[in-house]
Amino acid sequence: MKVKIVNKSAHPLPHYATGFSAGMDIRANLTEPVVLNPLERKLIPTGLFIELPEGYEAQMRPRSGLALKHGITLLNTPGTIDADYRGEIGVILVNLSNEPFTVNNGERICQMVVAAHAQVEWEPVEVLAETERGAGGFGHTGKK
């Protein structure tokens, strides 16, 4: 699938690192480093603007290495970029560690997965079909 992109950053276009990668690394586009103190969140610009086709979204997801090594993740994960959004992609990073973390220009801060989605049309009813699970949730199956 071809997707139009405007790259106002000083970095290469996002790309798949391997042949089977689902996500592309997204880089910070900063004029100076940004320090995230413990439990602090900040919107990090990317310099990227995209035009997705109707029926698709871009999901912004954390990078596992940043999460494991530094406690850095996305506050709203996955973040959704809708097909009709034309503004700059921004990423809300949060520091869940006990140490300050510095985000540098060009650092890979998250990954983007482009995925198809459907829109629903609600059909109001009085009763839902029965299933084996029923209304059980939040650990109802216990430990197995």
Side-chain angles (χ1 to χ4, degrees), residues 1-123 128-144:
M1 162 187 5
K2 292 192 182 264
V3 173
K4 293 179 182 176
I5 186 168
V6 173
N7 184 2
K8 293 187 178 180
S9 79
H11 313 296
L13 290 177
H15 65 278
Y16 297 101
T18 68
F20 296 145
S21 293
M24 298 171 270
D25 286 337
I26 301 298
R27 297 178 183 273
N29 186 49
L30 303 169
T31 56
E32 59 186 38
V34 171
V35 176
L36 278 172
N37 289 309
L39 300 181
E40 188 175 30
R41 65 187 178 271
K42 289 188 179 171
L43 181 64
I44 307 297
T46 66
L48 301 174
F49 303 73
I50 61 175
E51 183 179 324
L52 292 168
E54 183 178 342
Y56 287 85
E57 65 167 325
Q59 299 173 2
M60 310 308 281
R61 300 179 181 183
R63 293 191 68 237
S64 58
L66 280 180
L68 178 63
K69 295 174 187 172
H70 303 287
I72 304 300
T73 190
L74 276 62
L75 195 57
N76 63 323
T77 187
T80 295
I81 309 299
D82 293 310
D84 57 355
Y85 177 67
R86 295 296 183 266
E88 179 178 9
I89 295 173
V91 177
I92 305 169
L93 289 185
V94 63
N95 181 353
L96 299 178
S97 77
N98 296 322
E99 303 291 329
F101 180 81
T102 301
V103 181
N104 293 299
N105 184 41
E107 185 157 0
R108 296 175 299 157
I109 56 172
C110 71
Q111 54 184 324
M112 174 192 290
V113 173
V114 175
H117 70 84
Q119 288 189 328
V120 301
E121 180 180 329
W122 295 113
E123 180 182 349
L128 300 176
E130 293 292 327
T131 66
E132 182 180 337
R133 179 177 182 169
F138 298 104
H140 79 283
T141 58
K143 291 185 176 182
K144 294 186 178 193

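Quick note: numbers below take in every heavy atom, side chains included, and nothing from hydrogens, waters or symmetry partners.
Side-chain atoms of Asn7 come within 3.5 Å of backbone atoms of Ser9 as a donor-acceptor pair (strictly under, hydrogens ignored). A donor-acceptor contact shorter than 3.5 Å is absent between the side chain of Glu57 and the backbone of Ala116. In this structure, Ser21 contributes its side chain and Thr18 its backbone to a donor-acceptor pair below 3.5 Å. No donor-acceptor distance shorter than 3.5 angstrom exists from the side chain of Lys69 to the backbone of Ser64, with no hydrogens or angles considered. No donor-acceptor pair closer than 3.5 Å links the side chain of Asn95 to the backbone N or O of Glu40. Between the side chain of Glu88 and the backbone N or O of Thr46, at least one donor-acceptor pair lies under 3.5 Å.
For Gln111 against Pro62, the heavy-atom pair with the smallest separation is NE2-O, 3.3 Å. Pairing each heavy atom of Leu52 with each of Ala58, the nearest pair is CD1-N, 3.4 Å. When every heavy atom of Ser97 is checked against every heavy atom of Pro38, the shortest pair comes out as O-CB, 3.2 Å.
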Report task. Output, in order, the C-alpha distance, side-chain angles, deciding distance and verdict of side-chain contact (heavy atoms from CB on, under 4.5 Å) for His11 and Asn105. Result -> CA-CA 9 Å; His11 313 296; Asn105 184 41; 3.0 Å; yes
Query raised in the report: Would Lys4 and Phe49 count as a side-chain contact (heavy atoms from CB on, under 4.5 Å) if you check the C-alpha gap in whole Å, the side-chain angles of each, and the deciding distance to 0.1 Å?
Result: CA-CA 8 Å; Lys4 293 179 182 176; Phe49 303 73; over 6 Å; no
**Report entry** From CA spacing to verdict: side-chain contact (heavy atoms from CB on, under 4.5 Å), Arg86, Glu51
**Finding:** CA-CA 7 Å; Arg86 295 296 183 266; Glu51 183 179 324; 3.1 Å; yes
Query - Derivation of the side-chain contact (heavy atoms from CB on, under 4.5 Å) call for Lys8 and Leu48 - result: CA-CA 6 Å; Lys8 293 187 178 180; Leu48 301 174; over 6 Å; no
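The CG atom of Asn98 sits 8.0 Å away from the CG atom of Leu39 when rounded to the nearest 0.5 Å. Expressed to the nearest 0.5 Å, how far CZ of Arg41 lies from CD1 of Ile72 amounts to 14.0 Å. The distance from atom CD of Glu107 to atom CG of Leu66, rounded to the nearest 0.5 Å, is 6.0 Å. For the atom pair CG (Asn29) and CD1 (Ile109), the distance works out to 9.5 Å, reported to the nearest 0.5 Å. Note: Met24 CE to Cys110 SG = 10.5 Å, rounded to the nearest 0.5 Å. The line from CE of Met60 to OG1 of Thr77 is 10.0 Å long, rounded to the nearest 0.5 Å.
With a 4.5 Å cut-off on side-chain heavy atoms, Ile89 and Met112 count as touching. By the 4.5 Å heavy-atom criterion applied to side chains, Thr73 and Leu96 are counted as neighbours. Within the 4.5 Å cutoff, the side chain of Pro78 has heavy atoms near those of the Arg61 side chain. Side-chain contact between Met1 and Pro53: present, with at least one pair of heavy atoms (C-beta onward) separated by less than 4.5 Å.
Of the candidates Val94, Ile44, Leu93, Leu36 forms a side-chain contact (heavy atoms from CB on, under 4.5 Å) with just one, namely Leu93.
Partners of Arg63 according to the salt bridge (Lys or Arg N to Asp or Glu O under 4.0 Å) rule, which considers only residues two or more places apart in sequence or in another chain, are Asp25. Taking the ring pair (Phe, Tyr, Trp, His ring centres under 6.0 Å) definition, one finds that His117 meets it with nothing, sequence neighbours left out.
Other residues, nucleotides and ligands contribute over 12 non-hydrogen atoms within 6.0 Å of the OH atom of Tyr85. Atom CG of Leu128 has 12 or fewer neighbouring heavy atoms from other residues, nucleotides or ligands inside a 6.0 Å radius.
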